[in-house]
Amino acid sequence: MNILHISDIHYCQNDKVYLKGYKGMIYKMDNPLIHLEACLKEVIQTQQIDLLLISGDLTEDGSVEDYAYLKKWFEEQIPNMKIIVTLGNHDIKENFYEGWLGKVSSSDSYNLVETFEEFYLISFDSSVYGLADGSMSDEQFNWLEEQLNK
């Protein structure tokens, strides 16, 4: 199985003008989807990709609209490909549930286990919006330990 792993897209529709600091730098940058589209096309033309894994920071500001747009964009770029996502410190769980998953907004950790013929993939969510190191509660630790024991 060939897995394409990408991370830190930091997509943002940039509808606000920022001139200084970190936000000013982000505002001045090209839309990351321009470069990502070129990379995806090149990889897909040269490799058989079976799974796309995106590990965190899908969006810059974590808006519902940005998640919904990004998911639709990926579905257009790579139709019928399985996509597994983990969240990062720029991702907002509530908005991810609504925009990416099309579910009711939730602050629950987004954990999942996917079973493949050759392996198991555990997506573990320790993300906390704005906290670079994330956090792991006892409940989260117990979930992970249970999955690893299985």
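As the structure is a computational prediction, the values presented were derived from the model and not from experiment.
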Query raised in the report: Which pair of non-hydrogen atoms, one from Q47 and one from N2, has the smallest distance, and what is that distance?
Result: OE1-ND2, 4.5 Å

Query raised in the report: Under 3.5 Å, is there a donor-acceptor pair between the side chain of D125 and the main chain of S127?
Result: yes

Requested in this report: Spell out, as yes or no, whether a donor-acceptor pair under 3.5 Å connects the side chain of Y11 to the backbone of D57.
Outcome: no

Query raised in the report: Do L121 and F116 have side chains that get closer than 4.5 Å, going by heavy atoms?
Result: yes

Report task. Could you tell me whether a side-chain N or O of K71 sits under 3.5 Å from a main-chain N or O of W100, the two making a donor and an acceptor? Result -> yes

**Report entry** Pair Y67-D91, side chain to side chain donor-acceptor pair (under 3.5 Å): steps then yes or no
**Finding:** CA-CA 9 Å; Y67 287 116; D91 294 308; 2.9 Å; yes

Requested in this report: May I ask you to test the L52-F74 pair for a side-chain heavy-atom distance under 4.5 Å?
Outcome: yes

Query raised in the report: Can you get from L53 to F119 by hopping between Ile, Leu, Val, Met, Phe, Trp and Tyr side chains that sit under 4.5 Å apart?
Result: yes

Report summary line: Rounded to the nearest 0.5 angstrom, the CG-CD distance for L70 and E65 is 13.0 Å

Query raised in the report: In this structure, are over 12 heavy atoms from other groups packed under 6.0 Å from F141 atom CZ?
Result: no

Query - Over 12 foreign heavy atoms within 6.0 Å of CG, N149 - result: yes

Report task. Answer yes or no: is there a side-chain heavy-atom contact under 4.5 Å between F124 and Q147? Result -> no

Requested in this report: Indicate if V85 and W143 have the same hydrophobic cluster label, given that clusters are the connected sets of ILVMFWY residues with side-chain heavy-atom separations under 4.5 angstrom.
Outcome: no

Report task. For I6 and I9, work out which heavy atoms get closest and say how close. Result -> CD1-CD1, 4.0 Å

Query raised in the report: Taking side chain as C-beta onward, heavy atoms only, is V43 less than 4.5 Å from I49?
Result: yes

**Report entry** Distance (rounded to the nearest 0.5 Å) between S109 OG and L144 CG
**Finding:** 11.5 Å

Query raised in the report: Distance from L58 atom CG to H90 atom NE2, nearest 0.5 Å?
Result: 12.0 Å

**Report entry** C12 to D61 - nearest heavy-atom pair and separation
**Finding:** SG-OD2, 3.4 Å

Query raised in the report: Is D133 atom CG crowded by more than 12 heavy atoms from other residues, nucleotides or ligands, each under 6.0 Å away?
Result: no

**Report entry** For the student: nearest non-hydrogen atoms of S126 and Q140, plus distance
**Finding:** N-NE2, 4.4 Å

Report summary line: Looking only at heavy atoms, the pair that brings S55 and S7 closest together is O-OG, 2.7 Å

Query raised in the report: Does E146 CD have over 12 foreign heavy atoms under 6.0 Å away?
Result: yes

**Report entry** Shortest non-hydrogen separation from S107 to K93 and the atoms involved
**Finding:** O-CD, 3.3 Å

Report task. May I ask you to check whether over 12 heavy atoms, not counting those of E117, lie within 6.0 Å of atom CD? Result -> no

Requested in this report: With the side chain counted from C-beta on, respond yes when L51 and M81 share a heavy-atom pair under 4.5 Å apart, and no when they do not.
Outcome: no

Query raised in the report: Can you tell me if N95 uses its side chain to pair, donor with acceptor, with the backbone of G62 under 3.5 Å?
Result: yes

Requested in this report: Tell me, yes or no, whether the heavy-atom count around D138 atom CG, taken from other residues, nucleotides or ligands under 6.0 Å, exceeds 12.
Outcome: no

Report task. Please tell me if the side chains of N111 and S123 come closer than 4.5 Å, counting only heavy atoms from C-beta onward. Result -> no

Query raised in the report: Heavy atoms, side chains only, cut-off 4.5 Å: are Y120 and E114 in contact?
Result: no

Query raised in the report: Considering only heavy atoms from C-beta outward, does the side chain of W73 approach that of L36 to under 4.5 Å?
Result: yes

